[in-house]
Amino acid sequence: MSVLVLLGGCREVEVVVPTEYELVNESYRPESDVKGMYLVNEGNMGSNKCTLDYLDFENGWYARNLYAEKNPHVVKELGDVGNDIRIYGSRLYVVVNCSNKVEVLNARTGVRIGQIEIPNCRYIRFYRGKAYVSAYVGPVQLYNPDAVKGAVYKVDTLSLQVEGKVTVGYQPDELEVLGEYLFVANSGGYMAPNYDNTVSMIELEGFRQVRKIPVGINLHRIRADRYGRLWVTSRGNYENIPSNLYVLERKKNSVEMVVTDTLGIPCSNLFIQGDSLYYYSTEWNNFTQRNTITYGIIDIKTKRKVSDSFIKDGTDGDITIPYGIAVHPETGDIFVTDAKNYVSSGTLYCYTRDGVRKWKVRTGDIPAHMCFLTKSQKKK
């Protein structure tokens, strides 16, 4: 692979770390609607090393640390711990957890538009011109039995002003829009061993919590499929209660969602593409002091596991700590990030839909969250 380093400008106090461009094995597809993929590297907590990378599908190159060069006037760059990334309309939103903000960029140029200040923010979703951001609200703490309940903040995507706030469960993580409702996975992560075990259901029109659905302890991910179901992950308690994957569906003649299936499958992260749910699990155990790593595919129609791994060529052994997953919406290529030792550069791996590795590339520290940029995205 060849590397081209482009020189950046300077801040008054710091010198901008230049963006690095590296060629990868991507074939040019002029008919494709997908231009590229953004990847946010979390950076170790307290290090102020959250960075933004970009994979250009049109030209076949990977750009490391794009934000710093595009925004040389921003003294602290992206900030401390990037926790989510999404595109809505023409804007790119990066949730920066410990910096208590959502950075808003031009999705095509990477240039900063503004920021939204939200305490201990976690994840972001969108609906009808509004952004919804989950937040722990209280300060970042590893353990606090007296922690306050979390909240979801409603933000206007034009003015970037907070318009409302609704209290949910303890330490809410991912959230998902389904119909006229917003569903939020409450973890209670600061409350261990007394974790939260509920999904909050928020009516979007009135912006109020209408019920809390018991699911499983220490919830994390929540995703909707095209059949109107919700897939929810639990981290367990890292000891005698394992990670698990749950399916929620509506009661007959009701908007209420209930748990219909407990799959008994550990799941740390997932990506739904068509009728396939790709997942991996990095399950830590306090007794053994080690991770158990697994991969798989679930048929969402039957709710059954159809493959023990989506990596078929034996190269899964090269991955130390899987930390992010995405699937190309057209080619079916599978992207998996590796956080390695959490304190140095990670790796992005690309696999074909058949599970054969195409290429790998160096990323920033703790590569985690990805989103695709398309040509057909319109302003919202």
Side-chain angles (χ1 to χ4, degrees), residues 8-14 16-17 19 38-54 63 65-140 150-166 172-175 182 184 207 364-371 373 377 379-380:
C10 296
R11 294 180 174 84
E12 292 181 6
V13 179
E14 305 176 55
V16 175
V17 177
T19 302
Y38 282 105
L39 184 154
V40 65
N41 302 284
E42 288 187 357
N44 200 265
M45 186 179 294
S47 67
N48 198 53
K49 289 180 68 177
C50 170
T51 58
L52 183 66
D53 295 352
Y54 180 71
N65 197 25
L66 188 70
Y67 181 91
E69 186 174 271
K70 296 291 185 178
N71 302 279
H73 59 287
V74 182
V75 176
K76 291 188 177 181
E77 298 183 11
L78 266 177
D80 193 9
V81 186
N83 211 72
D84 199 11
I85 185 169
R86 294 273 163 168
I87 292 175
Y88 186 69
S90 61
R91 295 180 173 185
L92 176 70
Y93 296 76
V94 183
V95 180
V96 191
N97 174 215
C98 295
S99 291
N100 305 299
K101 66 175 182 175
V102 179
E103 282 280 305
V104 185
L105 317 177
N106 181 304
R108 299 192 179 277
T109 66
V111 174
R112 186 176 190 265
I113 294 171
Q115 74 176 48
I116 308 159
E117 295 183 5
I118 295 178
N120 206 343
C121 44
R122 299 290 292 177
Y123 294 92
I124 189 168
R125 296 295 184 270
F126 304 91
Y127 183 72
R128 293 183 178 175
K130 308 299 178 184
Y132 295 90
V133 183
S134 62
Y136 285 8
V137 179
V140 176
V152 173
Y153 289 78
K154 179 181 181 180
V155 180
D156 182 76
T157 56
L158 292 179
S159 67
L160 303 184
Q161 297 299 305
V162 174
E163 294 187 337
K165 170 186 171 185
V166 60
D173 275 321
E174 280 198 349
L175 59 171
L182 181 69
V184 189
F207 198 48
D365 295 1
I366 315 182
H369 314 280
M370 294 165 274
C371 67
L373 175 67
Q377 280 163 333
K379 287 189 176 182
K380 297 182 182 179

Looking only at atom types and distance, does a side-chain atom of Asn120 sit under 3.5 Å from a main-chain N or O of Val137, one as donor and one as acceptor? no

Any chance you could measure Lys70, atom NZ, to Glu77, atom CD, to the nearest 0.5 Å? 14.5 Å

Is a donor on one side and an acceptor on the other found under 3.5 Å between the side chain of Asn41 and the backbone of Gly43? no

For Tyr132, does the six-membered ring have the charged nitrogen or CZ of Lys154 within the cation-pi criterion, i.e. under 6.0 angstrom from the centroid and within 45° of the normal? no

So which atom in Thr51 and which in Gly364 form the shortest heavy-atom distance, rounded to 0.1 Å? OG1-CA, 4.2 Å

Heavy-atom count check: over 12 atoms from other residues, nucleotides or ligands less than 6.0 Å from Glu163 CD? yes

Run Val81 and Val140 through side chain to side chain contact (heavy atoms under 4.5 Å, CB included) and show every step you take. CA-CA 11 Å; Val81 186; Val140 176; over 6 Å; no

Please report the interatomic distance CG(Leu92) to CG(Leu52), rounded to the nearest 0.5 Å. 6.0 Å

Counting distance only, does the side-chain N/O of Asn65 pair as donor-acceptor with the main-chain N or O of Thr19 below 3.5 Å? no

Residue that, paired with Tyr93, satisfies ring-ring contact (aromatic ring centres under 6.0 Å, His included) out of Tyr38, Phe126, Tyr88: Phe126

Would you check if the side chain of Arg91 reaches a backbone N or O of Thr157 as a donor-acceptor pair within less than 3.5 Å? yes

Salt bridge or not between Asp156 and Lys130? Use side-chain N to carboxylate O under 4.0 Å. yes

Examine distances only and state if a side-chain atom of Ser47 and a backbone atom of Asn44 form a donor-acceptor pair shorter than 3.5 Å. yes

Student check: side-chain heavy atoms of Asn83 and Glu42 closer than 4.5 Å: yes

Which heavy atom in Ala135 sits nearest to a heavy atom in Pro119, and how many Å separate them? CB-O, 3.3 Å

Indicate yes or no: at least one non-hydrogen side-chain atom of Leu373 is less than 4.5 angstrom from one of Tyr54. yes

Please evaluate residues Val95 and Ile85 with respect to the criterion side chain to side chain contact (heavy atoms under 4.5 Å, CB included), reporting the C-alpha separation (whole Å), side-chain torsions for both, the decisive distance (0.1 Å), and the verdict. CA-CA 6 Å; Val95 180; Ile85 185 169; over 6 Å; no

Under 3.5 Å, is there a donor-acceptor pair between the Asn97 and Asp80 side chains? no

Asn100 side chain vs Glu117 backbone, donor-acceptor pair below 3.5 Å: no

Between Thr109 (side chain only) and Val111 (backbone N and O only), is there a donor and an acceptor less than 3.5 Å apart? yes

Evaluate Asn106 against Ser90 for side chain to side chain contact (heavy atoms under 4.5 Å, CB included), listing each step before the verdict. CA-CA 6 Å; Asn106 181 304; Ser90 61; 5.9 Å; no

Less than 4.5 Å apart, any side-chain heavy atom of Arg122 and any of Ser134? yes

Look only at the side chain of Asn71 and the backbone of Arg112, and say whether a donor-acceptor pair between them is shorter than 3.5 Å. yes

Hey, could you give me the CG/CD1 distance between Leu160 and Ile113, rounded to the nearest 0.5 Å? 7.5 Å

Please identify which of these residues, Ile116, Ile124, Val102, meets the side chain to side chain contact (heavy atoms under 4.5 Å, CB included) condition with Val155. Ile116

Give the intermediate values and the outcome of side chain to side chain contact (heavy atoms under 4.5 Å, CB included) for residues Gln115 and Val94. CA-CA 9 Å; Gln115 74 176 48; Val94 183; over 6 Å; no

Closest approach of Pro172 and Gly150, non-hydrogen atoms and distance? CD-CA, 3.6 Å

Could you label the plane-to-plane angle of the His369 and Tyr123 rings as parallel, tilted or perpendicular, counting under 30° as parallel and over 60° as perpendicular? perpendicular

Asp173 CG to Tyr136 OH distance, which is reported to the nearest 0.5 Å: 3.5 Å

Just how far is it from atom CE of Met370 to atom CG of Asp53, taken to the nearest 0.5 Å? 11.0 Å

Do Lys101 side-chain atoms and Leu78 backbone N/O form a donor-acceptor pair below 3.5 Å? yes

